[in-house]
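Here the structure is laid out as structure tokens; the discussion comes afterwards.
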Amino acid sequence: MANEIKLATESRTEFGKGASRRIRREGKVPAVLYGHGTDPVHLTLPAHETLLALRTANALLALDIEGTKQLALPKQVQRDPIRGTLEHLDLVVVRTGEKVTVEIQVTVVGEPAGDDLIVNVDQQTVSLEVLATNIPQHIEVSVEGFVAGQHVTAADLTLPEGAVYMGEPTDLVVAVSAPRAESEEPAEAGATAEAAE
């Protein structure tokens, strides 16, 4: 489940490209915090610590804004396309007990019954409504002992308490299939050629 990642912040009063470049030179990253009908708050965050925090999907940030703690989730992250450094962050305010909709990574574990079977992941992520303070890092799907034709739908997922899947229960998540016989394609091609003649 989500652990709060503490980040010290500073309010900023300088805006524009020049100010942003100066902030980044100082090893910080400009950010805007908004949500819940409040006025946007312009902040600077420590660039290195923030970069490490964002390695966690749906990182729940505990911001220290001049002595006041505020929970936030990254909404939009701008990175330098070449260096990968952080350019700017949009953060959204969240409150304890509030539910948010997030994309959660699907992690497949286990091995199907046959060595030649193929595991097809139909959804790399699933959309869940969860408590902002209880966001799972991933959803685990086991294919241990599966045979060709077995599959996992959204209804089969083990979700955290209180989490709600935002799609249909019948949505396919993972399926196990047998490899296609290599001889099928040439045979089909031959049949097509004969039909053309």
Side-chain angles (χ1 to χ4, degrees), residues 1-10 28-79 84-110 119-144 151-175:
M1 296 306 154
N3 291 321
E4 295 177 10
I5 302 172
K6 295 179 180 178
L7 287 176
T9 71
E10 297 171 11
K28 298 172 184 175
V29 59
V32 178
L33 175 69
Y34 61 93
H36 287 283
T38 58
D39 291 333
V41 179
H42 297 269
L43 304 168
T44 61
L45 306 175
H48 181 67
E49 290 86 339
T50 304
L51 190 64
L52 292 178
L54 295 178
R55 288 182 179 175
T56 302
N58 300 306
L60 181 63
L61 306 177
L63 306 177
D64 180 354
I65 305 173
E66 296 172 355
T68 302
K69 178 184 167 185
Q70 175 62 65
L71 295 178
L73 285 173
K75 189 72 175 174
Q76 188 173 30
V77 179
Q78 295 175 21
R79 297 177 188 267
T85 52
L86 296 175
E87 294 278 297
H88 188 274
L89 267 74
D90 282 354
L91 306 171
V92 62
V93 171
V94 293
R95 302 213 167 113
T96 303
E98 178 185 0
K99 286 197 168 185
V100 294
T101 301
V102 288
E103 292 293 321
I104 305 297
Q105 184 73 35
V106 171
T107 301
V108 178
V109 297
V119 178
N120 302 295
V121 181
D122 206 63
Q123 295 192 60
Q124 299 289 337
T125 63
V126 289
S127 183
L128 300 182
E129 184 185 67
V130 293
L131 287 170
T133 52
N134 204 28
I135 300 173
Q137 294 301 308
H138 62 269
I139 296 295
E140 201 168 273
V141 175
S142 175
V143 294
E144 186 64 40
H151 60 269
V152 177
T153 65
D156 303 319
L157 296 176
T158 303
L159 301 179
E161 188 177 345
V164 177
Y165 176 69
M166 299 307 288
E168 296 297 324
T170 53
D171 288 348
L172 184 64
V173 181
V174 176

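In plain terms, the two heavy atoms of Pro136 and Ile104 that are nearest each other are O-CD1, 3.5 Å. Heavy atoms only, all atoms of each residue included: Tyr34 and Pro40 are closest at CB-CA, 4.3 Å. Among all heavy-atom pairs drawn from Gly110 and Val143, the shortest one is O-CG2, 3.6 Å. Residue Ala53 comes nearest to Leu61 through the heavy atom pair CB-CD2, 4.0 Å, listed as atom of the first residue, atom of the second, then distance. For the residue pair Glu98 and Arg95, the shortest heavy atom distance occurs at OE1-N, 2.8 Å. Across every non-hydrogen atom of Glu4 and Ala62, the tightest pair is OE1-CB, 3.8 Å.
Here the side chain of Lys99 pairs no donor or acceptor atom with the backbone of Ala163 at under 3.5 angstrom. In this structure, Asn58 contributes its side chain and Ile135 its backbone to no donor-acceptor pair below 3.5 Å.
Annotation: Glu66, atom CD; neighbour count of heavy atoms from other residues, nucleotides and ligands within 6.0 Å does not exceed 12. In the displayed structure, His48 atom NE2 is contacted under 6.0 Å by at most 12 heavy atoms of other residues, nucleotides or ligands.
Under the 4.0 Å criterion applied to side-chain N and carboxylate O atoms, Lys6 and Glu49 are not assigned as salt-bridge partners.
Tested against Leu128 for a side-chain contact (heavy atoms from CB on, under 4.5 Å), the candidates Val164, Ile139, Leu157 yield a single pass: Ile139. Evaluated for a side-chain contact (heavy atoms from CB on, under 4.5 Å) with Leu60, the options Val94, Val100, Ile5, Asn134 yield exactly one hit, Val94.
Using a 4.5 Å heavy-atom cutoff, the side chains of Thr153 and Asp171 are not in contact. Between Val174 and Asn120 there is no side-chain heavy-atom pair separated by less than 4.5 Å. Under the 4.5 Å side-chain criterion, counting only non-hydrogen atoms from C-beta, Gln105 is not in contact with Gln137. For the pair Val77/Leu54, a side-chain contact is recorded, criterion being any heavy-atom separation below 4.5 Å from C-beta on. Residues Gln123 and Leu172 form no side-chain contact, since every pair of their non-hydrogen atoms from C-beta on lies 4.5 Å or further apart. Considering only heavy atoms from C-beta on, Thr101 stays 4.5 Å or farther from Val130 through its side chain. Residues Asp122 and Val173 fail the side-chain proximity criterion, which asks for heavy atoms closer than 4.5 Å. In this structure, Val102 and Ser127 have side chains that are not in contact, with every pair of non-hydrogen atoms separated by 4.5 Å or more.
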> side chain to side chain contact (heavy atoms under 4.5 Å, CB included) between Leu43 and Val32: does it pass, once the steps are laid out?
Replying inline: CA-CA 6 Å; Leu43 304 168; Val32 178; over 6 Å; no
> Run the side chain to side chain contact (heavy atoms under 4.5 Å, CB included) check on Thr133 and Leu71 step by step: do they pass?
Replying inline: CA-CA 9 Å; Thr133 52; Leu71 295 178; 4.0 Å; yes
> Is there a side chain to side chain contact (heavy atoms under 4.5 Å, CB included) between Leu63 and Lys69 once you walk through the steps?
Replying inline: CA-CA 6 Å; Leu63 306 177; Lys69 178 184 167 185; over 6 Å; no
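Separation of atoms CD1 (Ile65) and CG (Leu7) is listed at 10.5 Å; rounding is to 0.5 Å. Atoms CG and CG, from Leu51 and Leu86 in turn, are 5.0 Å apart once rounded to the nearest 0.5 Å. Distance NZ/Lys75 to CG/Leu33: 13.0 Å, rounded to 0.5 Å. Distance check, rounded to the nearest 0.5 Å: OG1 of Thr44 to NZ of Lys28 gives 5.0 Å.
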